[in-house]
Each structure stands twice: as structure tokens, then as C-alpha cells.
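To start, the structure under review is shown below, and the notes come after it.
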Amino acid sequence: MFRIESGHRTLALDKTLVMGILNVTPDSFSDGGEFSSFDLACQHIDAMVSQGAKIIDIGGESTRPGAAEVVLDEELGRVLPLVEYIAKHHDVWISIDTSKPEVMERAVKAGAHLINDVRALQAPGALERVALLEVPVCLMHMQGQPDTMQEAPNYRDIVADVIVFFERRIDACIAAGIKRQHILLDPGFGFGKTLSHNYELLNRLAEFKVLKLPLLIGLSRKSMLGELLMREPKERLAGSLAGGLIAAQRGANILRVHDVVETLDCLNVFQASNDYRHLI
Ligand SMILES: Nc1nc2[nH]c(SCCc3ccc(S(N)(=O)=O)cc3)nc2c(=O)[nH]1
């Protein structure tokens with residue numbers, strides 16, 4: 001059973017937890033930027049917390065395929081007000097979805113507890129900055145960069161290749177002074193993977209247990225569901241729940257999702273099938 005610490009907080013990962021997504025990017029791939037206004041974003045945060053999300057992931061840079069970079073001040077302006085809002089009004093973990101060391105630091109100083117980096121601390125200065133911040137960090141695998149990652153994804157054996165990537169990033173983290181117990185891993189569904197690669201990762205997810213670190217999974221509403229089911233992002237709830245349940249059964253400790261209450265209902269049924277002896 002894993003537990004992650006951040007400051008005086010502890011997150012017990014004895015069951016799969018839900019991380020609610022708040023994309024504050026104008027082109028958010030799934031909600032079409034409807035949360036571009038601060039008030040709407042705050043209402044969405046309130047709803048996800050009341051529905052049972054234990055972590056809220058705040059992202060100010062779109063990293064969907066083809067996305068362009070966003071400048072530092074723009075990203076800070078998008079995320080800091082929301083980190084402050086959650087820190088002030090809610091007692092949940094705040095995750096900052098960024099690759100920029102400056103955004104990591106400012107977000108942690110504003111109350112964020114977890115760094116979620118789709119580039120696995122490969123940006124200049126990121127390793128050193130996170131070592132100084134002493135908060136947990138999720139290292140996600142991406143092949144290439146968002147603007148080109150879907151052009152020609154290729155692997156010898158995708159699970160073995162991603163494990164090698166993780167081992168190298170873990171070594172780099174430890175060499176920089178980051179504690180191993182502050183590291184979470186994520187294979188990065190949709191980040192430089194074909195449809196087949198994504199489903200092979202899901203099928204073989206349990207193989208990542210060899211690294212003995214918590215696993216964060218984000219497949220909610222992604223194209224691996226849309227291409228298979230021929231559904232638009234807002235029509236991918238059933239697919240997202242199916243994928244999330246499979247990931248939970250195969251070892252996911254945290255699910256990064258858009259649809260919080262539905263995912264929790266799904267996980268609670270799964271939990272009850274494990275813990276039926278405690279039921280009346
Ligand atoms: N740890 C972690 N953080 C994440 N942040 C994001 S943002 C989503 C970017 C995106 C959107 C859509 C597609 S697609 N073409 O597969 O539908 C790919 C990437 N995702 C993840 C994820 O998974 N883990």
C-alpha cells in the first residue's frame with residue numbers, strides 16, 4: 001500500500017483515488033475552453049470536490065497533440081488564481097500540471113501539494129527546483145513533444161521502453177536529491193502512442209508494478225476511446241469509465257478524470273467486489 005506525503009499532508013493510496021481535471025487552457029481538448037472564466041472554473045472546482053475528488057489537477061498549458069507552447073506569464077496568470085482559490089476554500093490536494101520550474105515553484109508557494117509534469121522534469125532546472133520544493137512529483141512518459149508526438153510513434157516493446165524511461169528519470173531525480181518516496185509514475189496515454197500502443201499499455205499495466213511506485217493514469221475522454229468508439233470528447237463517458245476501471249483493476253493508484261462522480265461510482269462498485277465481507 002502506497003502513501004505520499006506533502007508537507008504535513010498524507011495521501012493514502014490503499015484504494016484508487018480520483019484526480020479531477022481543471023484545464024484552464026482556451027483550447028482544452030475536452031471542454032472547449034468553457035472554463036476559461038475564473039468564476040466558472042471555481043464552480044467546476046467546487047463541484048469536483050463535492051463529488052469526492054481527492055486531488056484537483058490544474059493545467060495552464062495545453063499539451064494535447066499539436067498544441068503550441070505557452071509563455072511563462074500567461075501560464076502563471078491562468079493557474080495561480082485557481083491554486084489560491086482551492087488552497088483557501090477546500091481541503092483537497094492541489095496538483096499543478098506544468099513543465100516549467102518557475103510555475104512549479106510559484107504554484108507550490110501558493111499552496112500546491114503535487115507536481116504533475118508531462119515532461120518528467122526534463123526541462124532545464126526542473127529537477128533541481130523540485131528537489132528544493134520537497135513535494136511529490138508525477139513523472140509522465142511522452143515520446144517527442146506535443147506538436148509532433150503523434151506523427152510516427154514507435155517502440156521496440158512499449159512497456160519495456162517506458163520502464164527504461166522511468167528508471168532513467170527516477171535515477172535523475174534521486175541524483176538531484178528528490179526522495180524516491182516522492183515519485184509517482186504515469187505511462188502517458190495519448191502522448192506519442194498509436195491506438196494499438198495505448199491499448200497495449202492498458203492491457204499490460206500491471207507490469208509497471210516492478211518499479212514499486214504509485215501509478216497515475218489519465219485516459220479520460222482521450223482519442224484512444226474516440227477513435228475506437230467514434231465518439232466526440234463529451235460522448236466518451238462510458239469508454240472513460242471502462243478504461244478507468246480496467247486501469248484500477250490492473251494497479252492504477254490515481255485516475256485523472258473529467259467525470260468525477262461517475263468514476264467514483266465505478267470505483268466504489270469495484271471496491272465493494274473486493275471488500276464484500278465488510279458489507280451487511
Ligand atoms: N499525469 C498526467 N497528466 C496529464 N495531463 C494531460 S493533458 C491532456 C493532453 C492530451 C489530450 C488528448 C490526447 S488524445 N489525442 O490522446 O486524445 C492526448 C493528450 N494528460 C495527462 C495524463 O495522461 N497524465
Side-chain angles (χ1 to χ4, degrees), residues 4 17-33 35 55-70 75 78-79 93-100 103-104 107 112 114-122 130 136-151 153 162 165-166 169 183-202 205 208 213-236 239-240 243-244 247 252-258 263:
I4 46 173
L17 301 182
V18 164
M19 170 191 270
I21 298 171
L22 193 87
N23 278 321
V24 275
T25 56
D27 67 343
S28 304
F29 86 100
S30 134
D31 53 23
F35 298 120
I55 312 169
I56 301 294
D57 191 40
I58 308 280
E61 175 204 8
S62 172
T63 52
R64 62 184 175 74
E69 300 258 322
V70 64
E75 189 172 343
R78 289 176 183 174
V79 302
W93 275 50
I94 304 166
S95 164
I96 180 74
D97 186 340
T98 187
S99 300
K100 297 186 180 68
V103 177
M104 295 171 185
L114 169 68
I115 290 164
N116 175 25
D117 184 5
V118 299
R119 294 181 181 81
L121 302 182
Q122 294 174 100
V130 171
V137 54
C138 178
L139 308 175
M140 195 200 79
H141 174 270
M142 175 186 336
Q143 188 176 78
Q145 288 300 320
D147 55 348
T148 58
M149 64 188 177
Q150 288 308 120
E151 283 170 6
V162 173
F165 172 85
F166 284 151
R169 298 312 302 155
I183 296 172
L184 298 90
L185 304 174
D186 181 334
F189 285 94
F191 286 92
K193 282 93 178 176
T194 64
L195 186 64
S196 171
H197 288 144
N198 284 313
Y199 281 98
E200 180 172 2
L201 275 180
L202 184 56
L205 202 64
F208 290 108
L213 287 173
L215 212 46
L216 195 161
I217 298 299
L219 53 73
S220 178
R221 299 189 185 177
K222 284 191 174 170
S223 66
M224 68 182 280
L225 306 167
E227 284 172 34
L228 186 80
L229 305 171
M230 302 307 282
R231 298 268 192 239
E232 291 306 306
K234 286 184 178 303
E235 305 306 317
R236 296 174 188 171
S240 300
N253 300 100
I254 299 171
L255 294 183
R256 182 181 179 278
V257 305
H258 300 85
T263 303

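All ligand and atom numbering here is 1-based and tracks the order in the structure.
For atom 23 (O) of ligand 1, the nearest non-hydrogen atom from the set M140, R256, R236, K222 comes from K222. Comparing D117, I217, D97 against atom 5 (N) of ligand 1, the shortest heavy-atom distance belongs to D97.
Here's the thing with S223: one of its N/O atoms is less than 3.5 angstrom from an N/O atom of ligand 1. The distance criterion of under 3.5 Å between nitrogen or oxygen atoms is met by D186 with respect to ligand 1. Of the polar atoms of G218, at least one N or O is found under 3.5 Å from an N or O of ligand 1, judged by distance alone.
Legend: residues meeting side-chain contact (heavy atoms from CB on, under 4.5 Å) with T194, ordered by chain and number and at least two apart, are P153, S196, H197. The side-chain contact (heavy atoms from CB on, under 4.5 Å) check on L195 picks up Y199, M224, E227, with sequence neighbours excluded.
Every atom of ligand 1 with a heavy atom of N116 under 4.0 Å away is listed here by number and element: 1 (N), 2 (C), 3 (N). Which parts of ligand 1 touch T63 is read off a 4.0 Å heavy-atom cut-off, strictly below it: atoms 7 (S), 9 (C).
Heavy atoms of P65 approach ligand 1 to within less than 4.0 angstrom.
V79 places a side-chain heavy atom less than 4.5 Å from the side chain of V103.
The closest side-chain donor-acceptor pair between Q145 and R119 falls under 3.5 angstrom. Donor-acceptor pairing under 3.5 Å is recorded for the side chains of E75 and T98.
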### Task
Assess whether side chain to side chain contact (heavy atoms under 4.5 Å, CB included) is satisfied between L185 and F208, documenting all intermediate values.
CA-CA 9 Å; L185 304 174; F208 290 108; over 6 Å; no
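Salt bridge annotation for D186-R256: absent, with no cationic side-chain nitrogen under 4.0 angstrom from a carboxylate oxygen.
Looking at L219 against ligand 1, nothing comes within 4.0 Å, counting heavy atoms.
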